[in-house]
Amino acid sequence: MKLAHNAHVLHWKRYVLCNSHVMRHPCWKDNANCTVKAVKNAFDISYPHAYEVLRAAGRPHGHGLPWDSYARAIKRLAKQRGMKLEMLSCFDSVRDYGKTIVTAQRRVARNETVFFNVRGHTMSIRRGYTNDWADGRRHHIWQVWRLTA
């Protein structure tokens, strides 16, 4: 019985040490992180990994950049994972997804991954899921980027 208890304590200490190391990463103290969250959701990667991908693209801590500065890094990540990121024209995006986030959420297929850019904000929908505050809002979509396999 005592051995099981000691193993449990050792496991707990290992868990706390590992998690405290992860929680010290600067990504957890970043506020302007909508694109980081969108990349995390779209590619199903960890939050620190998405933060590092965008930091390598020139994103400073606590400040967002225009989407165009991120597009090359996200395309490179998509290529590494055997995917392709393409921007839809205005006509195609309105035809396929509508003009607002609410309409787009209804029209996104369950097997589809899409980035939506609205004024000053980026969000992604992957398999019908988003972890964004703009979920269900009526913000007008400016750009649509589709991630295909």
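From a predicted model like this one, the values you see are computed outputs, not experimental measurements.
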What pair of heavy atoms forms the shortest contact from [X] to [Y], and how long is it?
X: Ile101; Y: Ala134; value: CG2-O, 3.7 Å
X: Thr122; Y: Asp132; value: O-OD2, 3.8 Å
X: Leu65; Y: Gly58; value: CD1-O, 3.4 Å
X: Pro26; Y: His61; value: O-CE1, 3.0 Å
X: Ile141; Y: Gln143; value: CG2-O, 3.5 Å
X: Ala32; Y: Gly62; value: CB-O, 3.6 Å

Check your understanding: Aromatic rings His121 and Trp133: how do their planes relate, parallel, tilted or perpendicular, breaks at 30° and 60°?
Key -> tilted
Rounded to the nearest 0.5 Å, how far does [atom2] of [Y] lie from [atom1] of [X]?
X: His139; Y: Arg119; atom1: NE2; atom2: CZ; value: 8.0 Å
X: Cys27; Y: Leu54; atom1: SG; atom2: CG; value: 11.5 Å
X: Arg59; Y: Glu52; atom1: CZ; atom2: CD; value: 10.5 Å
X: Met123; Y: Ile125; atom1: CE; atom2: CD1; value: 4.5 Å

Review point. Does Val114 share a hydrophobic cluster with Leu147, counting links as ILVMFWY side-chain heavy atoms below 4.5 Å and allowing steps through other members?
Key: no
**Study point:** ILVMFWY network linking Ile74 to Val144, side-chain heavy atoms under 4.5 angstrom
**Key:** no
Got a list of side-chain donor-acceptor pairs under 3.5 Å for residues 33-44, not counting sequence neighbours?
unit_1, atom_1, unit_2, atom_2, d
Asn33, ND2, Asp30, O, 3.3
Asn33, ND2, Tyr47, OH, 2.6
Asn41, ND2, Ser124, O, 3.0
Asn41, ND2, Ser124, OG, 3.1
Asn41, ND2, Tyr129, O, 3.1

Review point. Can you list the residues that meet the ring pair (Phe, Tyr, Trp, His ring centres under 6.0 Å) rule with Tyr70, with sequence neighbours excluded?
Key: none
Practice item. Answer yes or no: does atom CZ of Arg127 have more than 12 heavy-atom neighbours from other residues, nucleotides or ligands under 6.0 Å? Key: no
Practice item. Check each of Gln105, Lys99, Arg106 against Thr103 using the side chain to side chain contact (heavy atoms under 4.5 Å, CB included) test, and report the only one that passes. Key: Arg106
**Study point:** Heavy-atom side-chain contact between Tyr51 and Ser46 under 4.5 Å
**Key:** no
Can you give me every donor-acceptor pair (side chain of residues 81-94, partner residue at least two apart or in another chain, under 3.5 Å) with its distance?
unit_1, atom_1, unit_2, atom_2, d
Ser89, OG, Asp92, N, 3.2
Ser89, OG, Asp92, OD2, 3.2
Asp92, OD1, Arg95, NH1, 3.2
Asp92, OD1, Arg95, NH2, 3.4
Ser93, OG, Ser89, O, 3.2
Ser93, OG, Cys90, O, 3.0

Study note, to complete from the structure: Given the options Trp67, Tyr97, Phe116, Trp145 meets ring pair (Phe, Tyr, Trp, His ring centres under 6.0 Å) only with Trp67
